[in-house]
Protein chains: 2
Amino acid sequence: MARARTDSDPRVRILDVAAQVFASSGFAGARIDDIAERARVNKAMLYYHVGDKQALYAAVLLQTIDHALARIDAALAAARSAEERLRVIVSTVAAAAQENPNFAPLMLRELASGGQSIPDQVVRRMARLFRTVAEILADGERAGRFRNVDPVMTHMSIMGSIIVLTAGAPIRRRIRDVVGGPRASFVDRSAADIAAHFSDLILEGLQKRVPAPARRRTRTK
Amino acid sequence: MARARTDSDPRVRILDVAAQVFASSGFAGARIDDIAERARVNKAMLYYHVGDKQALYAAVLLQTIDHALARIDAALAAARSAEERLRVIVSTVAAAAQENPNFAPLMLRELASGGQSIPDQVVRRMARLFRTVAEILADGERAGRFRNVDPVMTHMSIMGSIIVLTAGAPIRRRIRDVVGGPRASFVDRSAADIAAHFSDLILEGLQKRVPAPARRRTRTK
DNA sequence: GTCTATATACCGATAGAC
DNA sequence: GTCTATCGGTATATAGAC
């Protein structure tokens, strides 16, 4: 025991491959035979080590979100102001999503099925992330930097945008082929791009601002 | 012919039920037997009228996005300024998503699978919506009302947030049960709520503005 | 712990009677 | 146009030898 959990560990390979297959085919579309073959283990061994399909899926979800949250925690340790902390969250989630291509699809599929098969362990981790963001928003508001916004709406807007932006690359590519020529920078977005543009957008949107010397008319409605 | 396409039309019932089943179970998880039974048609009749599973799925996607786009077009006809037009898009998409509970899950699942099975017809409609939003952003920038932002990022941020916000209700409910008590207004969000909060956020984020004078320090914790 | 072989069930699609 | 019956393929899961 205390064996290094490297690629030589069958369970590590299985979870790795399973994450990939579940992400691209969904739970119902994933094939145990496929996962076993690609992980170079016998199918019976897969059942022996991880259990049935549901258990495998739950393990994949837990591992995926844990990895992302660990990154966020580490990055958040150094951040101070509310603006900075929010920016760190956006850039770290974007980086984690880009680094692990399975993250966004897995979350999107769970979102689509109403999160019925999300284990409680995973829900607790999601709740922790929400609490963190809510605290940041409250801090920023107390400091007079942020407007008063609904934390739930804001948190889901942030996470939703990052995840959709990350997972949207293939569809953007198809849309570009229809919209027309090789429009510059239409498709390929690095995590840094996504983080920069989006945290700008959201931070501008949150910031308390002087009603702008009412040029002429501000609102239309 | 020229028969009214009401519930008495088997094809209408089939597409209706299929949208629901594909939305909640995904393509691989959907069962033809299930769809046929719930649409009260014989399975062989389903194949006779709509074709195989892929054709049925494509028809569902097309019908779903067409219905949403028709609403947007109608609502957009009356809007003038860039701000107003963007607000109309946000509120109409939110309303359409809330009204048709299959819309968000179907889009999320396609997003997760990279849109491989989206028919070209549907891609063209998505491209048209993108073009509309891009024009609004360009108009607003020309009028000195919006900052210069990337239209692709912005469009996907907007659509992603609305869709995630709409589809996120069940997961919010699960998170609430973990985060704690019946926090007011944590879960149930009307389309109007979503549209109002989010279009505020995005419009503030886009607006050209004078920054607020920094108060003091930022941190409480 | 590892693999082969198989139980068991289901699902998409169609043939063919009426 | 409508239905029954069924083919053929494939999926998860396990039994049992080694």
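Below, read A as the first sequence line, B as the second, and so on, with proteins coming before strands; counting in each chain starts at 1.
Atom-to-atom, CZ of A/Arg40 to C1' of C/dT2 comes out at 16 Å; the value is rounded to the nearest Å. One interatomic measurement links the two molecules: OH of B/Tyr48 to P of D/dG1, which rounds to 5 Å at whole-angstrom precision. The distance between atom CG of B/Leu46 and atom P of D/dT2, rounded to the nearest whole Å, is 12 Å. When rounded to the nearest whole Å, the span between CG of A/Asn42 and C1' of C/dA5 equals 11 Å. What separates CE of B/Met45 from P of D/dG1 is a distance of 7 Å, to the nearest Å. Remark: C1' of C/dC11 and CG of B/Asp52 are 14 Å apart, rounded to the nearest angstrom.
Take the nearest nucleotide of DNA chain C for A/Lys43 and for A/His49: the residue whose nucleotide is more 5' is A/His49. Each of A/Phe27 and B/Ala44 was matched to the nucleotide of DNA chain D holding its nearest heavy atom; the match closer to the 5' end belongs to B/Ala44.
Using a 4.0 Å cut-off between a side-chain N of Lys or Arg and a carboxylate O of Asp or Glu, B/Asp200 and B/Arg87 qualify as a salt bridge.
Contacts between residues 29-38 of chain B and DNA chain C, counted as heavy-atom distances below 4.0 Å, involve B/Ala30, B/Arg31, B/Ile32, B/Asp33.
To the nearest 0.5 Å, atoms CG (A/Asp139) and CD (A/Glu135) are separated by 7.0 Å. Separating the CD atom in A/Glu204 from the CG atom in B/Leu203 is a distance of 13.5 Å, to the nearest 0.5 Å.
Note on ring orientation: taking the six-membered ring where Trp is involved, the planes of A/Phe27 and A/Phe22 are parallel (angle under 30°, cut-offs 30° and 60°).
Closest to the side chain of B/Tyr47, out of C/dA13, D/dT12, D/dC3, is C/dA13.
Here the side chains of B/Arg31 and B/Ser25 are not in contact, with every heavy-atom distance at 4.5 Å or above.
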Next on the checklist: Go through it in stages, so that I can follow the logic: the residues are A/Glu110 and A/Ser117, the test is side-chain hydrogen bond (donor to acceptor under 3.5 Å, both in side chains), and I'd like the CA-CA distance, side-chain angles, deciding distance and then a yes or no.
Outcome noted: CA-CA 8 Å; A/Glu110 274 309 319; A/Ser117 51; 3.0 Å; yes

